[in-house]
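Below is one structure, written out as structure tokens; comments come after it.
Sequence lines set the chain letters: A, B, ... in the order given, protein chains first and strands last, and positions in each chain run from 1. Scope of the values below: all heavy atoms of this structure, side chains included, with no hydrogens, waters or symmetry mates.
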Number of protein chains: 2
Amino acid sequence: MGKLTREAVVEQALGIGSAEGLQAVTIRRLAQELGVTPMALYWHFKNKEQLLIGMADHLVEGFVITEDYDRPWWEQLRELVTGLVKVLRHYPCAAAVLEEVDHMTVPSFLRVWDTALGLAKQAGFSYEESCLISKYLLQGAIALAAGPLNRRSGLSDQDAAEHLRVKRLGLQSLPQDVYPHIVEMATPLCEGGTAELYDTFGVDLLVTGIETLAARVHRD
Amino acid sequence: MGKLTREAVVEQALGIGSAEGLQAVTIRRLAQELGVTPMALYWHFKNKEQLLIGMADHLVEGFVITEDYDRPWWEQLRELVTGLVKVLRHYPCAAAVLEEVDHMTVPSFLRVWDTALGLAKQAGFSYEESCLISKYLLQGAIALAAGPLNRRSGLSDQDAAEHLRVKRLGLQSLPQDVYPHIVEMATPLCEGGTAELYDTFGVDLLVTGIETLAARVHRD
DNA sequence: ACCTGAACACCGTTCAAGT
DNA sequence: ACCTGAACACCGTTCAAGT
């Protein structure tokens with residue numbers, strides 16, 4: 001049995017979170033799984049928030065940003081988003097973790113953010129606009145990563161399929177006069193499209209708006 | 001003292017959540033505030049999740065959707081987003097509530113979603129694209145509503161200002177060689193820009209991407 | 001430096017019982 | 001129909017103490 005290191009704790013936490021959902025990641029549960037007392041964890045992390053930050057940091061550390069000053073900013077932005085989405089797909093609970101922590105406190109995420117900020121400025125946006133754009137872009141990337149594997153973590157595949165069926169039937173049995181489109185599109189709404197849709201159309205959706213606005217800024 | 005009605009519970013919950021943050025909204029706390037036993041709430045709500053859904057529904061019910069079939073879809077989409085953002089600004093905890101519940105379970109939110117779906121289809125997108133677009137748009141609107149009043153609810157204005165100052169100093173004292181842009185833009189990043197920026201540029205950012213992609217779809 | 005034991009102040013929820 | 005009392009099975013966290 002290896003020592004109780006920060007890394008081991010974080011990886012165990014990501015394991016539990018990915019297998020059973022983030023709500024199953026509990027100090028006490030984690031300690032039990034690691035064969036240790038709950039308070040042992042408080043030696044390595046000040047509190048649960050710091051543990052979550054550690055998880056988030058570990059996730060995003062897997063993403064190495066390739067900076068290429070010769071290529072136009074929009075290509076780099078696109079690659080930044082796709083790269084982030086890809087790395088977050090490694091753990092089913094990744095997006096959930098990043099939605100729970102303050103991004104500003106996650107060093108590896110700050111690196112991604114810094115790159116996005118630089119590219120936004122390079123595109124000609126003001127300081128404040130660049131801040132908004134980068135926030136929007138990274139938040140969008142996280143949402144894309146959370147999307148397609150609609151992963152109700154913590155359920156078997158069979159239960160998940162049943163859950164999906166119930167959800168779809170719920171939508172389909174809504175009053176058609178008040179929710180016409182929802183009823184009509186119940187199936188694609190629940191199944192959420194293929195991962196490919198998210199990685200191409202989804203990323204396009206995020207980046208295209210920025211490109212168009214950048215062109216507008218340059219015209220003024 | 002009025003009776004213990006669903007509405008009263010939901011409004012009290014929104015009050016606590018707005019004043020002290022959503023994490024302060026607890027069954028027991030809520031009961032105490034209402035002068036009642038915790039289990040009394042279980043008569044009106046099956047569990048806490050249903051209470052949150054009730055809160056979300058109450059919030060979005062305040063938004064009356066104006067459908068105008070004579071105006072182009074993009075104007076209607078824009079109005080849908082701005083309207084939603086505006087109504088969510090009534091309660092500081094609104095965005096937090098909507099981030100916590102499954103949107104599919106909130107009737108009033110489904111009405112907004114249905115409208116967005118219809119407009120997306122009208123713009124010429126496929127079923128699956130429309131689903132993705134509507135999800136993206138509504139999620140973006142919620143993020144915009146959460147944005148500018150960076151409302152760490154539960155703190156006095158003075159404490160909030162102090163919290164902001166600490167956060168900014170934290171960013172500014174980062175190593176400048178690894179986070180150059182973050183350090184440079186620490187102030188706008190923390191202060192988050194004016195509400196106006198969010199309501200104009202932010203909405204533009206969301207809608208413009210859709211418009212551009214729609215034009216592309218029509219060309220094919 | 002690293003971990004344990006015992007305790008505190010909370011949670012959500014169930015179930016039987018009251019009126 | 002609407003609410004209470006008592007109990008269960010959990011949380012995160014602190015603090016003193018052990019090695």
Look at the side chain of [X] and decide which nucleotide, out of [options], has an atom nearest to it.
X	options	value
B:Y42	D:dT13, C:dT13, C:dC3	C:dT13
A:I27	D:dG12, D:dT4, D:dA7	D:dG12
A:V36	C:dT4, C:dT13, D:dT4	C:dT4
A:M39	D:dC3, C:dA1, C:dG5	C:dG5
A:R28	D:dC3, D:dC11, C:dT13	D:dC11
A:T26	D:dC2, C:dT4, D:dG12	D:dG12

Take the protein atom [atom1] of [X] and the nucleotide atom [atom2] of [N], then report the distance between them rounded to whole Å.
X	N	atom1	atom2	answer
A:R29	D:dG12	CZ	C1'	17 Å
B:L34	D:dC3	CG	P	11 Å
B:L4	D:dA1	CG	P	16 Å
A:W43	D:dG18	CH2	P	17 Å
A:Q23	D:dG12	CD	C1'	16 Å
B:Q32	C:dG12	CD	P	12 Å
A:K46	D:dG12	NZ	P	16 Å
A:L22	D:dG12	CG	P	11 Å

What is the base-pairing partner of D:dA7, counting Watson-Crick and G-U wobble geometry with both distances under 3.5 Å?
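Here D:dA7 is engaged in a pair, and the nucleotide opposite it is C:dT13.
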Pair partner, C:dT19 [Watson-Crick or wobble, under 3.5 Å]:
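In the structure as shown, C:dT19 has D:dA1 as its Watson-Crick or wobble partner.
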[X] and [Y]: which non-hydrogen atoms are nearest, and at how many Å?
X	Y	answer
A:T115	A:E67	OG1-OE2, 4.5 Å
B:L80	B:A116	CD2-CB, 3.8 Å
A:L30	A:Q12	CD1-CG, 3.7 Å

The test is salt bridge (charged side-chain N to carboxylate O under 4.0 Å, His left out); show your working for B:R6 and B:D57 and say whether it passes.
CA-CA 12 Å; B:R6 259 184 80 98; B:D57 195 46; over 6 Å; no
Can a side chain N or O of A:H44 be found less than 4.0 Å away from OP1 or OP2 on C:dA1?
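So the side-chain polar atoms of A:H44 never come under 4.0 Å of the phosphate oxygens OP1 or OP2 of C:dA1.
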Between A:S173 and A:G170, is there a donor-acceptor pair closer than 3.5 Å when you use the side chain of the first and the backbone of the second?
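At least one qualifying donor-acceptor pair exists.
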